[in-house]
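Hydrogens, waters and symmetry mates play no part in the numbers below; they use all other heavy atoms, side chains included. Proteins come first, then strands; the chains are lettered A, B, ... in the order of their sequence lines, and each starts at number 1.
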2 protein chains.
Amino acid sequence: MRGFLRSKVRVLTASSPTISPPDQHYDDLANRLRSIGQRATPQRLLVLAAFQDAGEHLTADEIYARISERSPTVNRSTVYRTLETFRDLGVIAETDLGGGVRRYQLLDHERHHHLVCHDCGDIIDLDDDVLEPIRRAAAERYGFSAEIDHLAIFGRCQFCRGDE
Amino acid sequence: MRGFLRSKVRVLTASSPTISPPDQHYDDLANRLRSIGQRATPQRLLVLAAFQDAGEHLTADEIYARISERSPTVNRSTVYRTLETFRDLGVIAETDLGGGVRRYQLLDHERHHHLVCHDCGDIIDLDDDVLEPIRRAAAERYGFSAEIDHLAIFGRCQFCRGDE
DNA sequence: GTTGTAGATGCGATCATTCGCATCTGAAGC
DNA sequence: GCTTCAGATGCGAATGATCGCATCTACAAC
């Protein structure tokens with residue numbers, strides 16, 4: 001489990017305060033955004049609300065559609081930019097599950113990953129512990145902090161391997 | 001090192017012959033394509049030629065531009081479709097290094113991967129052996145054959161971590 | 001509460017990628 | 001060589017995602 005708002009965003013100039021603790025619900029979303037030097041705009045709160053209402057693995061367009069129902073003036077670009085910001089902040093994870101569309105999900109629970117079969121399209125959940133060796137190697141060899149929040153690994157499942 | 005033409009493509013109906021050996025040059029590209037039930041069209045050979053002429057990490061548009069110099073009638077869609085086919089065949093690897101553009105490279109030598117710092121944009125090469133634990137776990141737990149040809153892992157490099 | 005301003009938004013243009021469909025063609029069978 | 005047709009291509013439209021820039025606004029300072 002990780003903090004809700006993890007790190008500073010690229011262009012943040014002032015020093016970033018430390019991260020709010022994990023495991024809380026988002027009653028005070030606005031304050032959390034402010035606490036890391038981010039503005040709490042209605043558009044951003046709408047994006048977060050959309051995630052809370054809906055399930056996982058939303059596309060940008062699905063989020064935009066949900067928001068438009070309540071606030072028709074919110075722009076598509078803003079949704080994309082907000083998603084980019086939240087991704088950089090570690091609030092959400094971005095994944096390309098194939099099919100040419102990226103999907104997003106809140107990072108408020110255990111990270112998980114997917115094995116995607118490019119023959120039959122089947123998607124298998126993969127526990128996060130499998131990625132520990134990579135994080136460790138990146139840190140030990142290069143001092144690099146790998147932020148692998150929601151990885152999609154392509155390949156072929158056991159059934160399609162048998163088809164050859 | 002892996003075979004040049006690795007596996008069948010999704011929609012191949014006939015049984016696929018085995019893979020041609022690695023480590024050869026591409027004098028007989030056309031025959032290799034045919035040997036796995038793929039058509040050797042001039043457009044496809046042009047795409048492969050573009051890779052051989054140029055360096056690594058080409059974008060679809062760069063490939064298209066190179067081909068257009070020689071054959072102005074080749075269509076952009078064809079380049080995209082050819083890249084998709086070659087990716088599924090394991091001939092090339094597709095990677096999103098950030099910046100909203102995908103890049104492609106031939107898989108005729110050692111696979112390698114990248115650590116991409118999302119603060120400063122720095123790109124660090126990562127050896128393929130780091131990914132072995134993932135391949136093993138996917139195989140052992142789920143019988144899944146993970147084809148990780150050119151992975152980009154985002155995070156923060158040692159210098160940007162110190163900046164906080 | 002007013003003000004100043006860095007940063008966020010709206011808007012439209014543009015770029016990256018995919019799709020549908022009519023046409024064309026590589027290569028297998030004769 | 002000729003025929004056949006699954007599969008590849010060209011073309012244009014549609015979708016997904018990003019960018020430039022003028023305007024607006026959240027919020028810090030007073």
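Going from atom CG of A:Leu45 over to atom C1' of D:dT25 covers 14 Å, rounded to whole Å. In this entry the distance linking CD of B:Glu84 with C1' of C:dT17 reads 10 Å, nearest Å. Here D:dT15 presents its C1' atom at 9 Å from CZ of A:Arg76, a figure rounded to the nearest Å. Per the geometry, CZ belonging to B:Phe86 stands 14 Å off C1' belonging to D:dT9, to the nearest Å. Atom CG in A:Asn31 sits roughly 11 Å away from atom P in D:dA28 (whole-Å rounding). Atom pair B:Leu83:CG and C:dT18:P shows a separation of 10 Å (rounding to whole Å applied). The distance between atom CG of B:Asp96 and atom P of D:dG16, rounded to the nearest whole Å, is 17 Å. Rounded to an integer number of Å, the gap from A:Ile63 CD1 to D:dG16 P is 13 Å.
Of the two residues contacting DNA chain D, namely B:Asn75 and A:Arg81, the nearest-nucleotide position lying further toward the 5' end is that of B:Asn75. Nearest-nucleotide positions on DNA chain C for B:Thr59 and B:Pro42 put B:Thr59 closer to the 5' end. Nearer the 5' end of DNA chain C, as judged by each residue's closest nucleotide, is the contact made by B:Ala60, out of B:Ala60 and B:Thr41.
Between B:Ala40 and B:Leu33, the shortest heavy-atom contact is CA-CD1, 4.1 Å.
Closest approach to the A:Ser77 side chain among D:dT18, C:dT17, D:dG10 is made by D:dT18 (side chain taken as heavy atoms from C-beta onward). When distances are taken from the side chain of A:Thr82 to each of D:dA17, C:dT9, D:dG10, the shortest belongs to C:dT9. Checked against C:dG10, D:dG16, D:dA26, the side chain of A:Thr73 finds its nearest nucleotide in C:dG10. Distances were taken from every side-chain heavy atom of A:Arg44 (C-beta onward) to each of C:dA8, C:dG10, D:dA8; the shortest belongs to C:dA8. When distances are taken from the side chain of B:Tyr80 to each of C:dT18, D:dG10, D:dA26, the shortest belongs to C:dT18.
The phosphate of C:dA8 (OP1 or OP2) has a side-chain N or O of A:Gln38 nearer than 4.0 angstrom. The phosphate of C:dG10 has OP1 or OP2 within less than 4.0 Å of a side-chain N or O from A:Gln43.
Of the N and O atoms on the side chains of B:Thr59 and B:Asp61, not one donor lies less than 3.5 Å from an acceptor on the other residue.
Taking the six-membered ring where tryptophan is involved, the planes of A:His57 and A:His150 are essentially parallel, since the angle between them stays under 30° and well short of 60°.
Without hydrogens or angle criteria, B:Asn75 side chain to B:Ser77 main chain gives a donor-acceptor distance under 3.5 Å. Put simply, the side chain of A:Arg135 gets close to the backbone of A:Ile148: a donor and an acceptor are under 3.5 Å apart.
A donor-acceptor contact under 3.5 Å is formed by the side chain of B:Arg39 with the base of D:dA6. If you check distances only, the side chain of B:Arg102 never reaches the base of C:dT17 with a donor-acceptor pair under 3.5 Å.
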